[in-house]
Amino acid sequence: MANLPNTPKLDELTKGPWPSFVSEIKRAAERSDMCKDLLGLLERSYNEKIGHWKHGGIVGVMGYGGGVIGRYTDLPEEFPNISHFHTLRINQPAGWFYTSEALRTLADIWEKHGSGLTNMHGSTGDIIFLGTRTEELEPTFADLTAAGFDLGGSGSDMRTPSACCGKARCEWACYDTMKACYDTTMRYQDELHRPMFPYKWKFKFAGCPNDCVASIARADISVIGTWRDDIKIDQAEVKNYADAGLDIFDDVVLNCPGKCMKWDGNTLEIDNDYCRHCMHCINVMPKALAPGDKRGATVLIGAKAPIIEGALLSSVVIPFIDIDEEYEEFCDIIERMQDIWSEEGKNRERVGEFIQRVGMGNFFEAAEIDLIPEMVTHPRENPYIFFEDYYEEGDEEEEEE
Amino acid sequence: MANLPNTPKLDELTKGPWPSFVSEIKRAAERSDMCKDLLGLLERSYNEKIGHWKHGGIVGVMGYGGGVIGRYTDLPEEFPNISHFHTLRINQPAGWFYTSEALRTLADIWEKHGSGLTNMHGSTGDIIFLGTRTEELEPTFADLTAAGFDLGGSGSDMRTPSACCGKARCEWACYDTMKACYDTTMRYQDELHRPMFPYKWKFKFAGCPNDCVASIARADISVIGTWRDDIKIDQAEVKNYADAGLDIFDDVVLNCPGKCMKWDGNTLEIDNDYCRHCMHCINVMPKALAPGDKRGATVLIGAKAPIIEGALLSSVVIPFIDIDEEYEEFCDIIERMQDIWSEEGKNRERVGEFIQRVGMGNFFEAAEIDLIPEMVTHPRENPYIFFEDYYEEGDEEEEEE
Amino acid sequence: MADDKPKRVTDIGPPHYEKFLPPVIKDNYGKWKYHEILKPGVMVHYGHSGDKLFTVRAASPRLMSIDKMRDFADLADKYCDGYLRFTSRNNVEFLLTDESKIDPLIEDLKALNHPVGGLGNSISNIVHTQGWVHCHSAATDASGIVKAVMDEMYEYFSEMKLPAKIRIALACCLNMCGAVHCSDIAILGIHRRPPRIDHNTLERLCEIPLVTSSCPTAAIRPTTTPEGKKSVEVIEEQCMFCANCYTVCPSMPLNDPLNDGVSIWVGGKVSNARTAPMFSKLAIPFIPNNPPRWPEVTDAIKNIVEVWAANARKYERIGEWINRITYPKFFEMTGIEFQKEHIDDFKFAGLTYHRTAQLVR
Amino acid sequence: MADDKPKRVTDIGPPHYEKFLPPVIKDNYGKWKYHEILKPGVMVHYGHSGDKLFTVRAASPRLMSIDKMRDFADLADKYCDGYLRFTSRNNVEFLLTDESKIDPLIEDLKALNHPVGGLGNSISNIVHTQGWVHCHSAATDASGIVKAVMDEMYEYFSEMKLPAKIRIALACCLNMCGAVHCSDIAILGIHRRPPRIDHNTLERLCEIPLVTSSCPTAAIRPTTTPEGKKSVEVIEEQCMFCANCYTVCPSMPLNDPLNDGVSIWVGGKVSNARTAPMFSKLAIPFIPNNPPRWPEVTDAIKNIVEVWAANARKYERIGEWINRITYPKFFEMTGIEFQKEHIDDFKFAGLTYHRTAQLVR
Ligand code: SRM
Ligand code: SRM
Ligand code: SRM
Ligand code: SRM
Ligand code: SF4
Ligand code: SF4
Ligand code: SF4
Ligand code: SF4
Ligand code: SF4
Ligand code: SF4
Ligand code: SF4
Ligand code: SF4
């Protein structure tokens with residue numbers, strides 16, 4: 001084994017209170033030449049202020065169209081051990097819960113086949129095995145499946161869905177996020193492993209409007225828990241919060257976007273008809289307030305990063321569905337939308353951009369989804385309405401053509 | 001003289017508590033055949049649900065390019081008296097103040113030369129003389145100028161500016177709107193009478209942010225009064241309002257967009273650094289609050305109706321200018337903007353659309369106006385920044401090319 | 001040539017406003033202290049000097065005969081030393097210094113059929129346009145609907161029983177001369193049938209490149225008729241009836257008795273008070289023209305006003321109220337049907353999509 | 001062919017999450033009552049059953065060696081019966097039932113250099129991407145800046161002394177894999193030099209029509225080089241450096257040591273709490289790359305955080321604070337210079353213009 005390269009710039013980053021990725025690479029480099037070369041290459045980038053990776057080629061495991069990102073350095077002579085340095089995306093368990101045993105299994109597999117570097121986790125949610133050679137891909141995959149793991153998505157396929165911890169560790173989960181995530185992952189294994197769409201297709205499941213997986217910003221399909229009956233109030237506990245120093249008026253009532261709360265110093269009144277289910281009051285007084293019992297989810301569509309028409313947030317498709325009970329109906333609606341986008345979307349056109357191009361009304365009509373005011377924050381401001389029919393002379397006045 | 005035509009549909013509109021335009025036409029029709037034919041034509045429109053006017057030709061008074069809207073009915077055989085039915089736009093006195101004498105003078109001129117129908121006023125602000133023949137235009141104009149009146153704008157020229165009553169009858173006027181309107185009208189007589197721009201060019205002057213002339217929605221140049229020192233408070237009067245039943249907390253403090261007010265039941269505190277000069281608190285308690293003494297105006301640019309890129313509201317150019325004192329500077333800035341738009345605007349491109357096309361930054365740079373954060377509600381959200389320079393290899397790193 | 005004629009007077013501009021200001025205004029110009037609304041349609045401004053100026057505001061149909069002008073002049077002479085003004089919403093205002101003359105003036109105005117009101121939290125006059133009285137573009141009449149609506153809304157003009165001001169405006173076509181785009185309630189005439197092309201006149205009256213480029217949706221293409229005339233054709237599915245082509249080319253009228261009508265918009269405002277100015281939003285996409293009283297239009301407006309009045313908080317204008325309760329509630333409470341037309345599909349459409357899980361139940 | 005080989009296991013999906021849940025979670029699944037934050041990085045969830053689950057959250061660099069994985073596994077065995085999890089922001093969480101084990105666990109974590117914190121009103125871990133460690137597109141490094149910033153922001157992670165949560169994210173190019181577009185503070189790698197074209201390889205590696213159509217500003221045109229090679233050219237003034245062309249065509253790299261760097265964005269959020277989700281807005285258009293510690297970047301962020309912390313109200317996230325005080329005040333208070341780059345000129349630009357007279361002084 002070669003020595004660790006000299007990396008004065010990187011070494012700066014081993015200092016300080018925050019855990020150091022450089023220390024991690026160095027530690028892995030004790031047993032991996034790949035990591036030694038990576039250190040050398042990275043030091044060079046730090047000196048030259050430029051990356052040294054080439055565009056990936058198409059590499060992968062047999063029968064799968066995704067799950068591996070091919071990567072090659074542009075300095076293979078100097079850093080031969082990372083001439084290949086591919087990434088595997090491994091579908092994480094829903095909610096990112098592990099046992100120590102599972103972690104060790106993963107570590108062992110990666111010690112055997114790759115650099116020993118990981119991301120826990122990638123920003124879509126996968127376990128990332130960072131850096132190996134083409135010929136190791138298939139053996140890694142075999143060991144992973146033997147251990148019960150499978151690859152995640154990449155390319156124009158369904159991407160690895162992810163979920164907040166939900167019912168596992170949160171009192172606010174309005175549906176079973178981890179179950180929905182798991183079921184969705186299993187139902188769409190084919191779509192996940194074999195690119196078949198115009199572009200990527202991401203799902204994220206958040207148990208309540210706090211949206212702890214950032215689904216509304218980062219998923220084509222964002223499922224966000226909510227409720228439809230009244231917020232539960234324990235007035236005595238509200239009073240306790242107030243007595244403990246919480247300024248219920250300034251910090252809660254004034255922050256309510258529905259402007260639907262009243263506090264007289266003793267009792268907190270909520271006009272639930274105007275509650276927007278934003279979570280703020282509940283967040284601030286978790287012991288006193290809770291979402292109601294009629295729980296379910298809002299389904300939204302279309303978030304994405306800026307490339308190319310600008311970043312989008314997801315927008316409402318289904319204001320409320322009891323997704324735990326009506327999961328099939330959820331899938332049915334999703335599939336109707338997915339089909340239209342897959343058939344008519346342009347190459348590299350995310351569903352959000354597609355909807356903007358064809359028009360939300362046309363899109364939902366084609367997907368046989370009722371048009372409802374919840375889909376828009378406000379109706380159109382411009383008078384450029386495409387009326388679809390007009391009367392012809394001779395038509396009965398009552399009758400549209 | 002012919003008889004009044006039979007107009008059963010229109011006659012319906014002589015009933016009811018609101019003053020009736022039909023009664024007005026009928027009254028004028030007692031001495032005007034034009035108005036008789038107009039009644040007949042209008043009844044026909046009410047029966048057929050369609051208008052009976054043709055696209056105007058170019059008619060006007062000598063040496064002027066605007067001020068007259070040519071109009072011809074498409075049923076000249078049936079309604080020969082309105083085969084011509086042109087409109088004159090007459091520049092109103094600033095603030096729409098009149099003496100009875102002035103009104104009678106106008107009435108006499110119009111009795112002599114036209115239908116006897118007017119709009120007091122048109123929606124840009126002009127006195128509208130509604131309906132006459134081509135050959136009457138020049139004589140009407142002669143009588144008008146003899147009486148001290150002149151035509152207003154139409155076509156691609158500067159349009160008749162208008163102003164709220166301002167200092168004449170409003171305690172909140174932060175600058176002299178009527179003077180600014182008059183001075184502007186006089187300064188730009190040539191621009192007003194002789195179309196020279198890509199499209200229309202409207203000015204409106206409102207004395208305070210209540211914007212009683214709707215300038216921000218309806219004028220290419222919107223001048224809205226404001227102040228920069230503290231709101232004046234008479235605490236005793238505040239208390240009087242409260243005692244008289246005003247809920248200062250709910251109705252005032254909670255409505256403050258700057259969230260900068262405090263009311264403890266006795267004293268109203270305003271953190272003027274965060275006041276947005278919206279006027280609400282002053283509106284609600286005119287006897288207790290008033291704009292400060294450092295008064296002036298915010299100048300905004302670009303409002304227009306939807307045709308063709310969608311309606312626009314004006315946006316900020318100059319956050320604060322003491323326009324009464326710095327009127328020349330105001331004109332200078334306006335003219336710099338006007339020049340760029342006139343030179344580079346496309347035919348039928350309002351300045352607001354022009355700015356959107358070329359980019360606000362480019363437009364103001366060309367007009368030599370400092371770029372300041374007040375011009376935008378928020379900076380860009382998309383990362384698509386056109387950096388204008390980049391370093392070349394060999395450049396000093398410190399130096400942009 | 002102009003030079004040969006006797007010297008014409010031009011470019012004199014309007015008369016100077018000072019000529020028309022009553023002495024009390026000249027004395028207190030810029031020195032007003034505060035005002036009070038005394039009763040519907042009547043307010044008083046107090047000068048720092050101690051002077052008082054009383055204003056009586058009366059309705060006007062805007063379309064006025066010269067006889068009415070003279071009536072107003074007579075009233076001004078009788079009560080106001082000859083001074084009066086009009087407002088930016090076409091009301092007439094009489095300017096008095098003698099408080100005792102207010103009620104007699106109001107009586108005289110009522111006798112002339114000019115109700116007094118429109119101040120404070122009321123519905124003021126409807127800003128409007130020409131309609132079938134004068135414009136070739138009109139998809140509906142202007143003055144007729146205004147009269148019908150204000151007859152119906154009369155009590156809200158002559159009393160002050162609303163939570164806030166309501167500004168209604170009407171424009172008879174998308175050119176929006178009534179600048180309705182920022183109104184609490186807007187009535188907008190719309191066409192719904194693509195232009196019909198008069199191939200016989202088009203080549204003569206219109207510039208074909210100007211016509212094709214006038215269309216925001218690129219629905220117009222040059223063509224040659226079977227008879228060999230140069231003309232244009234319209235791809236009907238791409239037309240959204242803006243009539244910009246008609247504005248530049250008289251041979252492409254959109255006016256059509258069966259398909260023209262009225263749309264209703266809500267929630268705009270202009271003032272900077274409390275909230276920033278807002279555009280109006282589509283409430284009802286289409287109501288057919290039904291002269292002389294457009295009952296479906298007046299009903300729709302009455303409904304919106306009354307649901308708002310019953311539910312809004314004090315000072316909450318229609319748009320502010322809806323922004324608080326959200327649009328789904330607005331549709332539910334007014335019973336207006338939500339339709340495809342409500343969903344924006346023009347260039348900023350994406351920004352109107354509901355991009356939050358904040359929803360009322 | 002696949003059929004000839006011994007049967008491969010595919011499409012099994014991830015392991016079922018239930019396998020990894022500790023008994024206390026299985027017992028209280030969906031039956032949690034409320035939670036409390038006990039101290040920085042430590043919270044307890046109470047079940048309706050009366051059970052308690054303690055969570056200790058520790059920082060992670062995300063880029064981890066398998067050795068660190070094993071360290072975590074050891075700690076989980078020692079304190080948590082082997083149960084742990086990672087968060088959506090790449091922190092690690094240990095799940096305990098025995099309250100007395102919390103402090104020893106924290107000691108062990110500190111010994112491993114993994115500070116505990118990130119709960120409540122703190123700065124949590126920075127969501128980030130690959131950077132120079134793995135991606136060909138990167139305009140800056142990811143892990144290096146994250147380390148430098150978090151070293152500087154450490155106290156805000158390990159204490160809870162901020163008015164609200166701050167979520168920082170980093171993406172090393174406009175593809176925004178770190179989905180930084182809705183972050184309280186976003187660090188975004190940007191290019192500033194148009195692609196340089198490798199005419200020698202372009203025809204072979206790229207589809208020219210795909211390349212020309214990939215450009216949102218239509219800056220790319222097909223061309224033929226003097227040597228007769230089919231290639232493309234870029235109209236440099238029309239390029240805004242999005243790198244979409246490079247994504248579809250490796251022969252058009254934008255990476256450039258002199259012109260790549262970092263931009264800073266503020267005021268985004270994701271949660272629906274109080275206000276709807278918001279995009280981040282440009283705060284600082286460009287800071288050159290300055291490895292290994294990017295001091296200008298850390299200073300800029302520290303400044304923004306501290307000005308906000310000193311002035312915001314409780315629960316007011318950065319974007320909410322700025323929306324209250326307005327952007328002119330933000331620029332004034334932070335001392336950040338307002339530049340032309342701040343003014344939007346992409347398709348929704350008009351909607352960002354300040355269309356109201358509401359202004360602070
Ligand atoms: C690994 C990961 C970043 C990370 O360090 O965590 C990543 C890495 C890449 N992303 Fe990503 N993206 C990753 C999450 C995201 C996210 C975040 C998310 O999913 O929540 C986004 C923004 C959300 C979205 O989908 O819009 C994201 C938006 C993009 C885009 C822009 C897509 C768009 O529609 O605008 C591209 C460009 C592309 O697809 O060609 C891209 C492309 C890429 C490529 C494949 C670059 C390329 O063209 O080859 C990167 C490979 C880097 C490498 O060297 O491994 N990546 N990418 C993330 C996946 C890990 C995982 O599976 O868990
Ligand atoms: C563990 C985690 C979910 C997971 O399955 O991994 C989680 C867990 C909790 N979140 Fe979260 N949130 C988590 C990511 C998020 C995210 C996503 C993100 O940051 O990318 C958000 C949206 C952030 C945004 O708006 O930009 C998020 C917005 C919230 C909020 C709303 C905060 C706000 O006022 O805007 C709350 C409510 C609160 O803290 O009062 C919340 C509350 C909570 C509670 C209190 C819920 C509970 O009862 O257990 C949990 C601990 C609070 C804490 O961290 O202070 N969580 N939370 C994530 C921890 C990430 C981390 O390591 O820091
Ligand atoms: C008379 C008046 C309506 C009224 O009844 O009050 C009017 C009438 C016409 N307007 Fe207007 N506009 C009138 C104020 C407006 C306003 C309101 C304002 O100025 O505050 C607007 C909206 C604000 C704006 O300027 O954007 C307005 C926006 C238009 C437009 C669309 C302009 C645009 O940029 O979108 C057109 C179309 C055009 O210019 O070709 C137009 C065109 C027309 C024409 C000339 C139609 C035409 O193409 O020939 C109308 C002549 C009608 C007729 O038969 O007399 N008119 N027009 C108003 C002028 C009276 C006056 O001088 O006082
Ligand atoms: C006379 C007039 C100005 C003129 O020079 O002609 C005028 C006069 C006054 N306005 Fe106005 N406004 C006048 C048109 C407007 C307009 C323009 C419009 O309607 O097209 C607006 C903007 C409307 C909008 O936002 O859509 C307007 C928004 C206001 C406001 C802000 C209302 C709000 O809360 O949004 C106030 C403040 C108030 O009433 O408390 C105000 C207040 C006032 C005061 C109290 C100012 C004063 O101290 O004299 C005046 C009498 C109030 C009233 O009418 O209740 N004035 N006012 C206009 C009368 C029109 C009419 O006949 O009804
Ligand atoms: S999204 Fe809601 S349910 Fe899920 S972890 Fe966050 S707060 Fe809990
Ligand atoms: S959840 Fe939000 S909207 Fe509903 S009452 Fe609480 S703070 Fe108000
Ligand atoms: S805009 Fe202001 S100054 Fe002018 S009349 Fe209205 S309230 Fe008075
Ligand atoms: S003028 Fe408006 S922003 Fe200023 S203190 Fe009064 S209500 Fe608040
Ligand atoms: S709105 Fe249209 S129809 Fe009405 S006057 Fe203006 S241009 Fe004519
Ligand atoms: S009406 Fe408008 S959309 Fe239709 S063809 Fe004419 S210009 Fe085009
Ligand atoms: S943000 Fe850009 S540079 Fe960073 S990992 Fe994603 S694609 Fe690569
Ligand atoms: S970087 Fe973007 S804007 Fe520049 S040429 Fe490439 S695709 Fe076009």
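Throughout, a chain's letter reflects where its sequence line sits, starting with A, and its residues are numbered from 1. A quick note: this is a predicted structure, and the numbers were derived from the prediction, not measured.
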**Student:** Could you check if a side-chain atom of C/Thr356 sits within less than 4.5 angstrom of a side-chain atom of A/Arg276, using non-hydrogen atoms only?
**Tutor:** no

**Student:** Is the closest side-chain heavy-atom distance between C/Leu174 and A/Tyr384 below 4.5 Å?
**Tutor:** yes

**Student:** Could you pull out the closest heavy-atom pair between A/Tyr274 and C/Val360, with the gap in Å?
**Tutor:** O-CG1, 3.8 Å

**Student:** How about A/Ile385 and C/Leu282: do any of their side-chain heavy atoms sit closer than 4.5 Å?
**Tutor:** yes

**Student:** Looking at C/Asn259, C/Thr326, C/Asp345, which one has more heavy-atom pairs under 4.5 Å with chain A than the rest?
**Tutor:** C/Asn259

**Student:** Taking all heavy atoms of A/Phe386 and all of C/Cys239, pick out the closest pair and write down the distance.
**Tutor:** CD2-O, 3.7 Å

**Student:** Atom NZ of residue position C/Lys302 - does it have more than 12 heavy atoms of other residues, nucleotides or ligands inside 6.0 Å?
**Tutor:** yes

**Student:** With a 4.5 Å limit on heavy-atom distance, are the side chains of C/Ser280 and A/Glu381 in contact?
**Tutor:** no

**Student:** With only heavy atoms counted, which part of C/Met176 is less than 4.5 Å from chain A, the side chain, the backbone, both or neither?
**Tutor:** side chain

**Student:** Report, as yes or no, whether the 6.0 Å neighbourhood of atom NZ on A/Lys167 holds more than 12 heavy atoms from other residues, nucleotides or ligands.
**Tutor:** yes

**Student:** Using the side-chain contact (heavy atoms from CB on, under 4.5 Å) definition, which of the options C/Gln339, C/His342, C/Glu341 pairs with A/Pro379?
**Tutor:** C/His342

**Student:** Do you know which of A/Gly359, A/Ser314, A/Pro383, A/Gly361 has the most heavy-atom pairs under 4.5 Å to chain C?
**Tutor:** A/Pro383

**Student:** Return the orientation label for the C/Phe286 and A/Phe387 ring planes: parallel under 30°, perpendicular over 60°, tilted otherwise.
**Tutor:** perpendicular

**Student:** For the interface with chain C, which of A/His378, A/Lys259, A/His277, A/Met279 has the highest count of heavy-atom pairs at distances below 4.5 Å?
**Tutor:** A/His378

**Student:** Has A/Arg336 got more than 12 heavy atoms of other residues, nucleotides or ligands less than 6.0 Å from its CZ?
**Tutor:** yes

**Student:** Indicate whether any N or O donor in one side chain lies under 3.5 Å from an N or O acceptor in the other, for A/Asn382 and C/Lys347.
**Tutor:** no

**Student:** Give a yes or no on whether a salt bridge exists between C/Arg192 and A/Asp389, defined as a side-chain N under 4.0 angstrom from a carboxylate O.
**Tutor:** no

**Student:** Is C/Arg193 salt-bridged to A/Glu393, cutoff N-O under 4.0 Å?
**Tutor:** yes

**Student:** Checking C/Ile325 against chain A: side chain, backbone, both or neither under 4.5 Å from a heavy atom?
**Tutor:** both

**Student:** Which bit of C/Pro285 comes within less than 4.5 Å of chain A, counting heavy atoms only: side chain, backbone, both or neither?
**Tutor:** both

**Student:** Within a radius of less than 6.0 Å around CD of C/Glu233, do more than 12 heavy atoms belonging to other residues, nucleotides or ligands occur?
**Tutor:** yes

**Student:** Would you sort out whether A/Val316 and C/Leu359 count as a side chain to side chain contact (heavy atoms under 4.5 Å, CB included), showing the intermediate values?
**Tutor:** CA-CA 9 Å; A/Val316 174; C/Leu359 287 171; 4.2 Å; yes

**Student:** Can you name the closest pair of heavy atoms from A/Arg380 and C/Ile343 and give their distance?
**Tutor:** NH2-O, 3.2 Å

**Student:** Check each atom of C/Asp256 against the heavy atoms of chain A and say whether the ones under 4.5 Å are side chain, backbone, both or neither.
**Tutor:** side chain

**Student:** With a 4.5 Å cut-off on heavy-atom pairs, point out which of C/Phe241, C/Phe330, C/Phe331 contacts chain A the most.
**Tutor:** C/Phe241

**Student:** Please give me the minimum heavy-atom distance between C/Lys329 and A/Asp273, naming the atom from each residue.
**Tutor:** CE-O, 2.9 Å

**Student:** What's the shortest heavy-atom distance between A/Tyr391 and C/Leu258, and which atoms?
**Tutor:** CD1-O, 3.0 Å

**Student:** Is it the side chain or the backbone of A/Leu371 that comes within 4.5 Å of chain C heavy atoms, both, or neither?
**Tutor:** both

**Student:** State, with a plain yes or no, whether a side-chain heavy atom of C/Asp344 is found less than 4.5 Å away from one of A/Val376.
**Tutor:** no

**Student:** Is there a donor-acceptor contact under 3.5 Å linking the side chains of C/Glu236 and A/Tyr390?
**Tutor:** yes

**Student:** Does any part of the side chain of A/Asn272, heavy atoms only, come nearer than 4.5 Å to the side chain of C/Arg361, both counted from C-beta?
**Tutor:** yes

**Student:** Does one side chain, of C/His354 or A/Thr377, offer a donor that lies under 3.5 Å from an acceptor on the other?
**Tutor:** yes

**Student:** Grab the two heavy atoms, one from C/Tyr353 and one from A/Ile355, that are nearest each other, plus how far apart they are.
**Tutor:** OH-O, 3.8 Å

**Student:** Among A/Arg228, A/Gln356, A/Glu309, A/Met375, which residue has the highest count of heavy-atom pairs closer than 4.5 Å to chain C?
**Tutor:** A/Arg228

**Student:** Considering only heavy atoms and a distance below 4.5 Å, find which of C/Pro257, C/Pro328, C/Gly267 pairs most often with chain A.
**Tutor:** C/Pro328

**Student:** Looking at A/Val358, A/Leu312, A/Asp230, which has the largest count of heavy-atom pairs under 4.5 Å with chain C?
**Tutor:** A/Asp230

**Student:** Mind checking the CD-SG spacing from C/Gln358 to A/Cys278? Nearest 0.5 Å is all I need.
**Tutor:** 5.5 Å

**Student:** Under 4.5 Å from any heavy atom of chain A, what part of C/Glu237 do you find: side chain, backbone, both or neither?
**Tutor:** backbone

